[in-house]
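These notes concern the structure reproduced below.
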There are 2 protein chains.
Amino acid sequence: MARVRMRDVAEHAGVSVRTVSNVVSGYPHVSPETRAKVQRSLDELGYRMDYLARGLRSGRTGFIALAVPFLAEPYFAELAQAVIRAAGRRGITVLVEATAGDSEVERRILDGGLTNVADGVLLSALTVPAADVGARTPDFPLVMLGEHSVGNQFPRVGIDNVAAARTAVEHLVEQGCRRIVALGRNGSENGRQRTEGYQQAMAAARVRRVNWLVVPVEDWTREQGYAAVRELLEGDGPLPDAVFAFNDALAVGALRALDASGVRVPEDVAVAGIDDIQEAAYTHPPLTSVAPDLDVIAERALALLEEQTGRSGAAREAGAPVAAVQEATPFRLVVRESSRWRSAGR
Amino acid sequence: MARVRMRDVAEHAGVSVRTVSNVVSGYPHVSPETRAKVQRSLDELGYRMDYLARGLRSGRTGFIALAVPFLAEPYFAELAQAVIRAAGRRGITVLVEATAGDSEVERRILDGGLTNVADGVLLSALTVPAADVGARTPDFPLVMLGEHSVGNQFPRVGIDNVAAARTAVEHLVEQGCRRIVALGRNGSENGRQRTEGYQQAMAAARVRRVNWLVVPVEDWTREQGYAAVRELLEGDGPLPDAVFAFNDALAVGALRALDASGVRVPEDVAVAGIDDIQEAAYTHPPLTSVAPDLDVIAERALALLEEQTGRSGAAREAGAPVAAVQEATPFRLVVRESSRWRSAGR
DNA sequence: GTGATCGTTTGCATCGATGCAAGGCCCGGC
DNA sequence: GCCGGGCCTTGCATCGATGCAAACGATCAC
């Protein structure tokens, strides 16, 4: 059984190919009888659109690309899930690409490596794209997720990193913590901003400088969180009374390291993270975390893409430079055991 | 700057479009000078293939589709990552679809809903496809991942579920456990097989029937694992001395429930799972698990797809019925704290 | 009754690449 | 010197759908 094309349907229904196309695409000026007749043939023959052909002709494919560093990182997996769900509601299919945090790959994407197949690109970049690439305006719809671009020249959707970090640290301070370690500074812009949020909260709480400590890591992974805290515990500095991890993966690693060293959480050290990945509710003890609303992020990102598509859209032309909207999405603090210091009866 | 097409490159290089195509696709009979000249124009103009156009003409798109129930489930996220990596090595792009475990969606996929855009489909189905669909031979390359299809009529790659479950339970028995709960039976074929592996191991160890217990769940999630164990602990039956969870998500939920109830692991109850998700190394205590080799699964699945592509391939014709290879991939038991019963000094 | 308007349907060209097979060229063999 | 064959290169048709605009008949206003 070969493929069923519009031509086959047209013959079967006794109308022209164009009319079939009109029915399929929901063109309004089709008589009810014709529509019904065509619909019957459509069903009977089991017609399915060839998206490639349509994409070639119309310039729209119905795909968007989502590029994340590592799909296996829970945060990105959950983000991808939210994007796929939101896209599904709009009849859009998502092409997921894993950049492995390779800036070369990210550059290729920014350079348009996916534009033929995707109507737009959602990029969740780890490394900040090189400035020379960043300087150009891409000739296709692009929205950054979470990470700011150089000079903020691309639209971006995500939580306010500074505020999110500040919220977490303020909470730790409220629990009575003073010597709070910020875990996770690295080369990324997000790392810089979360560091700044930490500093703002520490300053606002008038915590003495001697108690400030920012610990660098390479990646925001469980391994790195584990290793960094392990090292911290083995050092001869005074123990912290809280760890603020820049994301939950780091926090999970930190929890494991503390557990392995017999340090009690939250009695000895409180812990908080950012992302509120599903895993966070199942750690020992359950992890306090700042929860971004992934559904909102996905929805807003798609809306911004569509806005751009409307302009540069089908013609595949570079439209007027898109205002680089920086959209901050809501987040909330989810308090769990890992930071219930006083209530833990210290 | 509009798109650069082959025609533009051809004009720039002073050759025909066909010759450009020959250079791009690596056709061998092109003179070195011509090749160099075309290559220069290619680079200079920044040509990028339009995969849609090629796909339309040649019938091959360079995409494969990967359908998993939930991308946010760690196992599937890690599997997807492995598939994307393996596909990348072959120059193939992966289209990830989330079926949400909806058998209707899975049926649509089996029915060919993705064939236009994808050269082949990797389906990791949760629900067993309805028999009427399963009875047909699909007219496109398809490989099942992990889950058996009805009657095994599709090629399938994955671990031997019975053996994997048996291995885990045998290990628990070796640790001295007898009253071992199997956690996770549900409607799935995988659930059935893992139950069977459990039963085989229990029988082989001559464990008295009174100690056998299979606990059903709806999904293999942390939530369900938590709820099921919670209920078990609140019941009036004798406590188990081990929990064998059908996957790690369930195990994580079980660990949390045990922790919350003050049951010590592994001193009071040993726990083991299947999948060896990254999270497993960071639970409290670290989780013993059966680790499938995802890279092998991904590689073999792609190889099987390519075999089928070779036959039904470009012509989009239904080839000879493909032998429904059932390929069992290697796995190994990773022993961690959660099951080190004796060594824990009970 | 006639021309304008609207709703419905159609034919043709086209998107950008590749399949196919022919055509030109150069070489060596007889 | 002519012919066969291999190596390069090319032109044309084509994949399956949609953009465009014309054609058609029916309805409407004057």
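The structure presented is a predicted model; accordingly, all values stated were derived computationally and were not measured.
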On the 0 to 90° scale, with breaks at 30° and 60°, tag the B:Phe63-A:Phe63 ring pair as parallel, tilted or perpendicular.
-> perpendicular

Bend angle of the helix from C:dG1-D:dC30 to C:dC30-D:dG1, end axes from five pairs each (to 10°) | 50°

Residues B:Glu147, B:Arg156; criterion salt bridge (charged side-chain N to carboxylate O under 4.0 Å, His left out); working and verdict = CA-CA 7 Å; B:Glu147 178 83 39; B:Arg156 179 241 180 207; over 6 Å; no

Who are the side-chain hydrogen bond (donor to acceptor under 3.5 Å, both in side chains) partners of [X], not counting sequence neighbours?
| X | value |
| --- | --- |
| A:Thr329 | none |
| A:Arg54 | none |
| B:Gln39 | B:Asp43 |

Could you list by number each residue of residues 33-41 of chain A showing a heavy-atom separation from DNA chain C of less than 4.0 Å, or answer none if no residue does?
-> A:Thr34

In this structure, how many angstroms lie between the [atom2] atom of [N] and the [atom1] atom of [X], rounded?
| X | N | atom1 | atom2 | answer |
| --- | --- | --- | --- | --- |
| B:His29 | D:dG6 | NE2 | C1' | 8 Å |
| A:Arg54 | C:dC15 | CZ | P | 19 Å |
| A:Met49 | D:dA17 | CE | C1' | 7 Å |
| A:Tyr51 | D:dT18 | OH | P | 11 Å |
| B:Asp50 | C:dT14 | CG | C1' | 14 Å |

So what does [X] hit on the nucleic acid, given a heavy-atom distance under 4.0 Å: a base, only sugar-phosphate, or nothing?
| X | value |
| --- | --- |
| B:Tyr47 | sugar-phosphate |
| A:Thr19 | base |
| B:Val24 | nothing |

Of the nucleotides C:dT8, C:dT18, D:dG11, which one has an atom closest to the side chain of A:Ser31?
-> C:dT8

Given C:dT18, C:dT8, C:dT14, which nucleotide is nearest the side-chain atoms of A:Tyr27?
-> C:dT8

If you find the nucleotide of DNA chain D closest to B:Val30 and the one closest to B:Ala53, which residue's nucleotide is nearer the 5' end?
-> B:Val30

Establish whether the base of C:dG19 is bridged to the side chain of B:Arg18 by a donor-acceptor pair shorter than 3.5 Å.
-> yes

Is there side-chain contact between A:Ser21 and A:Val24, with at least one heavy-atom pair below 4.5 Å?
-> no

List, one per line, each side-chain donor-acceptor pair under 3.5 Å for residues 66-82 of chain A, sequence neighbours excluded.
residue	atom	partner	partner atom	Å
A:Glu78	OE2	A:Gln278	N	2.9
A:Gln81	OE1	B:Leu71	N	2.7
A:Gln81	OE1	B:Ala72	N	3.3

In plain terms, say whether A:Arg85 and A:Glu299 are close enough for a salt bridge, that is, a side-chain N and a carboxylate O under 4.0 Å apart.
-> no

